[in-house]
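Take a look at the structure below.
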Amino acid sequence: QVQLVESGGDLVQAGGSLRLSCAASGSIGSINAMGWYRQAPGKQRELVASISSGGITKYADSVKGRFTISRDNAKNTMSLQMNNLKPEDTAVYYCNVKSRRWLAGPQYDYWGQGTQVTVSF
């Protein structure tokens with residue numbers, strides 16, 4: 001089975017930076033998108049950033065210009081560089097992979113366990 005493990009969450013002051021990493025193991029379909037979601041207490045989980053197997057990136061408006069998503073296909077890892085962090089970025093961040101083995105095939109959805117990011121004033 002596919003397993004995703006996040007790391008890098010921490011407590012930082014506003015304006016600081018963190019780099020989150022996600023390591024994937026198992027057989028992931030070559031047609032896929034990797035992304036970071038976050039969820040604050042009492043709120044819905046939201047997409048922060050995503051990157052396709054072809055390198056196309058998307059960002060939530062709230063993090064554009066501050067966060068950068070990247071992936072290393074050879075190592076099956078994904079990172080989220082977070083700069084100029086704000087208190088409203090505080091949440092549990094989850095690694096996610098959506099994959100297919102061919103275009104018309106079924107899509108599978110995998111999640112990591114999450115890593116806590118806390119930004120103080």
Side-chain angles (χ1 to χ4, degrees):
Q1 285 194 21
V2 172
Q3 185 173 4
L4 306 177
V5 180
E6 303 100 330
S7 63
D10 208 346
L11 170 64
V12 298
Q13 291 186 338
S17 297
L18 283 174
R19 186 175 181 86
L20 305 183
S21 295
C22 174
S25 62
S27 183
I28 298 175
S30 59
I31 303 171
N32 64 75
M34 304 183 78
W36 290 96
Y37 288 74
R38 67 186 181 188
Q39 187 168 25
K43 293 199 170 187
Q44 296 279 76
R45 188 172 297 184
E46 64 174 348
L47 178 64
V48 177
S50 65
I51 182 167
S52 73
S53 55
I56 299 172
T57 59
K58 294 181 179 180
Y59 297 92
D61 289 341
S62 59
V63 307
K64 285 182 179 177
R66 300 188 297 120
F67 292 8
T68 302
I69 190 170
S70 61
R71 62 189 290 169
D72 186 334
N73 292 330
K75 296 181 178 180
N76 288 324
T77 58
M78 174 182 64
S79 296
L80 183 69
Q81 179 65 46
M82 304 185 293
N83 297 325
N84 192 25
L85 284 161
K86 302 176 180 180
E88 50 263 44
D89 295 320
T90 296
V92 176
Y93 284 70
Y94 297 90
C95 177
N96 171 258
V97 176
K98 303 182 188 298
S99 70
R100 292 182 171 91
R101 297 189 182 279
W102 66 96
L103 283 175
Q107 181 173 274
Y108 296 89
D109 199 17
Y110 307 101
W111 294 91
Q113 295 301 304
T115 185
Q116 177 71 49
V117 172
T118 302
V119 184
S120 64
F121 287 95

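Judged purely by distance below 3.5 Å, without hydrogens or angles, the side chains of Q116 and T118 pair a donor atom with an acceptor atom.
Side-chain contact between N76 and I28 is absent, with no heavy-atom pair separated by less than 4.5 Å. Side-chain contact check for Q13 versus L85: every heavy-atom pair is 4.5 Å or farther apart. Side chains of M78 and W36 form a contact here, defined as non-hydrogen atoms less than 4.5 Å apart. The side-chain heavy atoms of R19 and S70, taken from C-beta on, include a pair separated by under 4.5 Å.
Between L4 and A24, the shortest heavy-atom contact is CD2-CB, 3.5 Å. Contact detail for S27 and V2: the closest heavy-atom pair is O-CG2, 3.5 Å. Between V92 and G114, the closest heavy-atom pair is CG1-CA, 3.8 Å. Summarising the geometry of A91 relative to A40, their closest heavy-atom pair is CB-N, 3.9 Å, with the distance given to 0.1 Å. Considering all non-hydrogen atoms of both residues, R100 and P106 come closest at CG-O, 3.5 Å.
No more than 12 heavy atoms of other residues, nucleotides or ligands lie within 6.0 Å of CD in Q113, so this atom counts as exposed by the packing criterion.
Residue S21 holds its OG atom at 9.5 Å from CG of L80, rounded to the nearest 0.5 Å. Between the CD1 atom in I56 and the CD1 atom in I51 there is a gap of 9.5 Å [rounded to 0.5 Å]. If you take OH on Y37 and OG on S50, they are separated by 7.5 Å, rounding to the nearest 0.5 Å. Between the OG atom in S52 and the CE atom in M34 there is a gap of 11.5 Å [rounded to 0.5 Å]. For the atom pair S30 OG and R101 CZ, the distance stands at 8.5 Å (nearest 0.5 Å).
Annotation: disulfide bond (SG atoms under 2.5 Å apart) contacts involving residues 11-103, sequence neighbours excluded, comprise C22-C95.
Under the 4.5 Å side-chain heavy-atom criterion for grouping Ile, Leu, Val, Met, Phe, Trp and Tyr, V12 is connected to V63 within one hydrophobic cluster. In the hydrophobic clustering of ILVMFWY residues, with side-chain heavy atoms under 4.5 Å counting as a link, W111 and V48 come out apart. Placement of Y59 and V97 within a single hydrophobic cluster is found when ILVMFWY residues are connected by side-chain heavy-atom separations under 4.5 Å, directly or transitively.
In this structure, the side chain to side chain contact (heavy atoms under 4.5 Å, CB included) partners of N73, at least two apart in sequence or on a different chain, are R71. Residues satisfying the side chain to side chain contact (heavy atoms under 4.5 Å, CB included) test with V117, not counting sequence neighbours, are L18, L20, M82, Y93, V119.
The pair K86-D89 fails the salt-bridge criterion, with no side-chain N (NZ, NE, NH1 or NH2) lying under 4.0 Å from an Asp/Glu carboxylate O.
Under the 3.5 Å distance criterion, the side-chain polar atoms of N96 are matched with a main-chain donor or acceptor of Y110.
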